[in-house]
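First the structure, in the form of structure tokens, and then the observations on it.
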Amino acid sequence: MTVGSLLRRAWRQSVARLLLILCGAAALGLLLGAFWPLLALAAFAILAWHYWRLHRLLSQLYQRRRLRDIDGRGLWDDLEMLLHRRQNEGRARVKRLLGLVRGYRRAAALMPDAVLLVDRESGRIDWCNRQARALLGLDAHAPGAVGTAFPGNAVQGWFAAGQSDEPLIDQPSPIDPNVRLSLRLLPYSPEQWLLVVRDVTKLLRLEQLRRDFVANVSHELRTPLTVVHGYLDILDTEDYPELEPMLTEMRKQSARMSQLVEDLLTLSRLEAQEALAQREVVAMAPLLATLRREAEALSAGRHRIRVLDEARVDLLGSTRELHSAFSNLVSNAVRYTPVDGSIEVRFERSPDGGAVLSVQDSGYGIPAQHLPRLTERFYRVSTSRARETGGTGLGLSIVKHVLNLHQARLEITSEVGKGSRFACVFGPEAVAEGLPEAGGEA
Ligand code: ADP
């Protein structure tokens with residue numbers, strides 16, 4: 001039956017019942033000679049019955065009782081039936097949602113990571129899974145707040161900043177400092193964060209093993225290489241003219257190997273540091289002058305070289321590391337720019353009060369798809385060209401690590417056939433203020 005016909009049937013039944021009662025009362029009234037009083041009595045009884053049904057329905061709704069499923073025998077029955085269906089649908093929806101929530105919670109509880117639902121405003125932990133007890137010692141019934149779960153300032157500061165894009169790596173577990181944790185914030189709802197805590201002890205140990213291995217191997221290779229290098233230097237090609245091409249190649253390769261070992265040791269040293277032990281004033285004018293000399297020596301007159309000091313400020317950090325980073329960029333610019341190309345080193349202030357050291361060349365350029373991977377170890381755009389120019393494949397990796405230690409970043413822009421620009425961007429906190437303002441070529 002359609003909704004319209006159901007409604008019509010209910011109306012018909014109700015009106016027919018009303019007319020039947022009124023007609024019955026009128027007929028009885030005529031018979032007994034009390035027409036009007038009996039008609040009024042019947043009308044009053046009908047009104048009272050309607051009020052009684054209304055009262056019954058309202059009290060059932062107020063008391064949240066389940067309504068009866070009665071098949072329509074008038075308007076009130078139909079109304080009760082419809083409300084009963086709504087109640088059933090509502091209950092089924094709630095049941096389904098509860099099932100879903102329970103399913104999610106069961107999945108979260110089974111996860112090997114600790115999962116916490118945390119209120120963004122107060123830092124209160126609204127819920128946590130079983131693993132949170134093992135990793136963080138939290139009581140699932142009264143987990144407390146992030147502040148008490150992680151007493152250290154690092155986690156609290158990170159949580160307050162709401163850094164959902166930056167995980168916090170290598171934090172000690174509050175119950176066992178030997179267990180190292182990585183923390184990640186996920187935006188669960190506008191009011192809550194999902195805090196996922198993972199045990200990364202094994203991963204960090206492996207990483208440490210890898211670093212130690214590379215550092216030890218590089219260190220061990222240093223001595224034999226120095227010996228080979230020394231003997232090769234003693235051998236004079238004039239004494240052995242027939243060996244000249246071989247000796248020249250051996251010298252070249254042993255120099256490359258030494259450079260590789262030195263670069264690997266530099267990277268290991270940089271990786272072992274979480275932050276700079278101390279920050280000194282890095283005098284930029286002499287450093288720029290050194291970069292110019294190095295570029296000129298490497299280029300040997302094959303390029304036009306300009307070094308501009310427009311910032312006329314010094315930086316705060318490590319002179320040794322910054323020199324190594326900048327000279328890597330300068331060396332790359334010389335090596336990847338054909339003869340007669342131009343190279344410009346520019347040191348300038350940035351609008352936010354920081355400073356930028358950029359090395360721009362008019363060289364081969366780098367296709368866009370390689371840019372995101374350039375700072376990976378041993379990543380090369382063209383292996384043959386890099387080998388030809390004597391690269392180790394570690395230069396930009398070193399640059400990235402040095403800049404990370406200075407809370408600076410490397411920006412790379414490049415166009416194939418036109419050239420590249422490598423910019424080291426320092427924040428205002430890395431600038432040593434209070435030096436005379438002036439501009440010009442360094
Ligand atoms: P490499 O020792 O091989 O130069 P780097 O880490 O310094 O290693 O650089 C990685 C790669 O990036 C290089 O092999 C080269 O392909 C590319 N590259 C770096 N600097 C430049 C540049 N100025 N112009 C073009 N390509 C560059």
[X], [atom1]: over 12 other non-hydrogen atoms inside 6.0 angstrom:
X    : atom1 : result
Q278 : CD    : no
D236 : CG    : yes
Q63  : CD    : yes
R86  : CZ    : no
R91  : CZ    : yes
R279 : CZ    : yes
H219 : NE2   : no
R205 : CZ    : no

Give the minimum heavy-atom separation between [X] and [Y], together with the two atoms involved.
X    : Y    : result
T375 : S397 : O-OG, 3.1 Å
F159 : D119 : CZ-O, 3.9 Å
V356 : S350 : CG2-CB, 4.0 Å
L181 : S173 : CD1-CA, 3.5 Å
L117 : R105 : CD1-NH2, 4.3 Å
S420 : S414 : OG-OG, 2.9 Å

[Y] side chain reached by [X] side chain, heavy atoms, under 4.5 Å:
X    : Y    : answer
V115 : W127 : yes
L329 : C424 : yes
L168 : F150 : no
R85  : M81  : yes
L396 : N328 : no
R66  : N88  : yes

Measuring from [X]:[atom1] to [Y]:[atom2], what's the distance to the nearest 0.5 Å?
X    : Y    : atom1 : atom2 : result
L247 : E244 : CG    : CD    : 8.0 Å
L235 : R251 : CG    : CZ    : 7.0 Å
L291 : I343 : CG    : CD1   : 12.0 Å
L186 : L195 : CG    : CG    : 8.5 Å
I398 : S327 : CD1   : OG    : 9.5 Å
S254 : L225 : OG    : CG    : 7.0 Å

Look only at the side chain of [X] and the backbone of [Y], and say whether a donor-acceptor pair between them is shorter than 3.5 Å.
X    : Y    : answer
N129 : A132 : yes
R302 : L298 : yes
H303 : T337 : yes
T266 : E262 : yes
S59  : R56  : yes
E280 : T319 : yes
Q87  : R65  : yes

* **Salt bridge present between R292 and E296 (N-O < 4.0 angstrom)** => yes
* Asked: Do R304 and E344 sit within salt-bridge range, that is, some charged N less than 4.0 Å from a carboxylate O?
  ->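 Salt bridge absent between R304 and E344.
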* Which residue pairs satisfy the side-chain hydrogen bond (donor to acceptor under 3.5 Å, both in side chains) criterion with at least one member in residues 180-196, sequence neighbours excluded? -> D126-Q192, D170-R180
* To do: Would you tell me whether D233 and H229 have side-chain atoms, one donor and one acceptor, within less than 3.5 Å of each other?
  => no
* Q208 and D212 side chains, donor-acceptor separation under 3.5 Å ->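 Their side chains do contain a donor-acceptor pair, which is all the 3.5 Å distance test asks for.
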* Geometric class of the H370/Y379 ring pair [parallel <30°, tilted 30-60°, perpendicular >60°] ->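 Y379 and H370: tilted rings.
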* What pairs of residues pass the salt bridge (charged side-chain N to carboxylate O under 4.0 Å, His left out) test when at least one of them lies in residues 407-430, not counting sequence neighbours? -> E348-R421, R409-E411, E415-K418
* To do: List the steps and the verdict of side chain to side chain contact (heavy atoms under 4.5 Å, CB included) for V399 and F422.
  => CA-CA 10 Å; V399 174; F422 289 76; over 6 Å; no
* **For L79, side-chain contact (heavy atoms from CB on, under 4.5 Å) partners two or more places apart** => L57, W76, L83
* Chi angles and distances behind the side-chain hydrogen bond (donor to acceptor under 3.5 Å, both in side chains) call for D263, Q259 -> CA-CA 6 Å; D263 280 0; Q259 188 56 51; 3.1 Å; yes
* To do: Given side chain to side chain contact (heavy atoms under 4.5 Å, CB included), test V313 with M284 step by step and report yes or no.
  => CA-CA 7 Å; V313 286; M284 285 305 285; over 6 Å; no
* Asked: Can you check side chain to side chain contact (heavy atoms under 4.5 Å, CB included) on L374 and V381, steps first, answer last?
  -> CA-CA 8 Å; L374 275 193; V381 178; 3.7 Å; yes
* Apply side chain to side chain contact (heavy atoms under 4.5 Å, CB included) to L394 and F378, showing your working. => CA-CA 6 Å; L394 296 171; F378 298 112; 3.8 Å; yes
